[in-house]
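Ligands are counted one by one from 1 in listed order, and the atoms in each one are counted from 1 as well. Numbering starts at 1 and runs along the sequence shown.
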Amino acid sequence: MWPGQAMTLKVKKVIHHEKSQYQDVLIFESTDYGMVLVLDNVIQATERDEFSYQEMITHLAMNSHPNPKKVLVIGGGDGGVLREVVKHECVEEAILCDIDEAVIRLSKQYLPNMAVGFDHPKSKTHVGDGFKFLEEYKNTFDVIITDSSDPEGPAESLFQKPYFQLLHDALREGGVITTQGCTFPFVQEYRGESRKSRVSEEKTRQRRRHHYYRVALPASSSFFGPVLDSPYEIPRPGLANSIHQTAENQWLHMPLISKLKKDCKEIFPVAEYAYTTIPTYPSGQIGFMVCTKDAGRNVKEPLRKWSAEEEEKLCKYYNADIHKAAFVLPNFAKKALE
Ligand code: SPD
């Protein structure tokens, strides 16, 4: 998903490795980043930097709502987002729905500082398909946070446009969502088979070969912002609506983020892109879509704030200033989103 680059962490000890019903689950102890959770070969969380992602995906949404009482987390089986949600005293109920019991079980065993979220009296856990779960709820939640893995494997359906419509419909008036800033525009053709069954690496590779051309962009190309001469993959003509690509990062996926924002705006009256820094995600960054049903809401300013003392006690990354700063983009990204 990130052509020509990779992230390497030095392994001290492999703690656990299994093929769950849905994906490859690896937990290892690293020399410098503490325990690391890896799903289908992609780093999901390390003890050293997970707080950046978990705090930002959570509090950008929670503090953009005047009084979030009922909150849903789709995915997030390590428990870190749940841990952040229940820091808000106004929350009455926080439900987490993750498809893979193995992630929850192993996080409880090996990642207790994240899994602590499961122990809170307001937390409830449901193991199941987030897409199906949402179909059961209309006008129910104040905030929904989609903390998924990337869109190859069990999280695939969570990046498709119908999913965003379900999110919209499951929200109460004035509700807010955040999602990892991945894209759905290339997956509008629903692929039910892979949502339920495990997508093998070979199948994924075959699909990618079938659906993509591998191209090198000319040095003059501004299509990918400052990323020049990168080998990249573009959808083959006629197949562009049936394959997905991640769009988590301004350095790697700007055109896709731009399309994502546009498509979100077709569903939500307010849809903004924010990002955080995190060393163990590709290019040290990950983006979020923050959307609300309230056309008059400015999600770029926190509606609710903790005091400076509370902020310091509760969070290691998030504060009211960084909430605002997260929406401030460099010129190349700003231009692409305009
Ligand atoms: N490219 C990796 C994106 C991972 C996003 N989900 C992380 C789960 C942490 N709760």
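The CG atom of D142 sits 8.5 Å away from the CE atom of M62 when rounded to the nearest 0.5 Å. Separating the CD atom in E93 from the CG atom in L72 is a distance of 10.0 Å, to the nearest 0.5 Å.
Atoms of ligand 1 found under 4.0 Å from any heavy atom of D78 (numbered from 1 in listed order, with element): 8 (C), 9 (C), 10 (N). Ligand-side atoms of ligand 1 in range of Q54: 9 (C), 10 (N), range being under 4.0 angstrom from any heavy atom. Close contacts between ligand 1 and V42 involve ligand atoms 1 (N), 2 (C) [criterion: under 4.0 Å to a heavy atom]. Close approach to Q180 involves these atoms of ligand 1, each under 4.0 Å from a residue heavy atom: 3 (C), 5 (C). Taking every non-hydrogen atom of I43 and a distance limit under 4.0 Å, the qualifying atoms of ligand 1 come out as 2 (C).
When every heavy atom of S64 is checked against every heavy atom of R297, the shortest pair comes out as O-NH1, 2.7 Å. The heavy-atom pair separating K293 from H168 by the smallest distance is NZ-O, 3.0 Å.
Formation of a donor-acceptor pair under 3.5 Å by the Q5 side chain with backbone atoms of P282 is not found in this model. At least one donor-acceptor pair under 3.5 Å links the side chain of H65 to the backbone N or O of N67.
Look at D147 and you'll find a heavy atom under 4.0 Å from some atom of ligand 1. Remark: distances from the non-hydrogen atoms of G75 to ligand 1 are all 4.0 Å or more.
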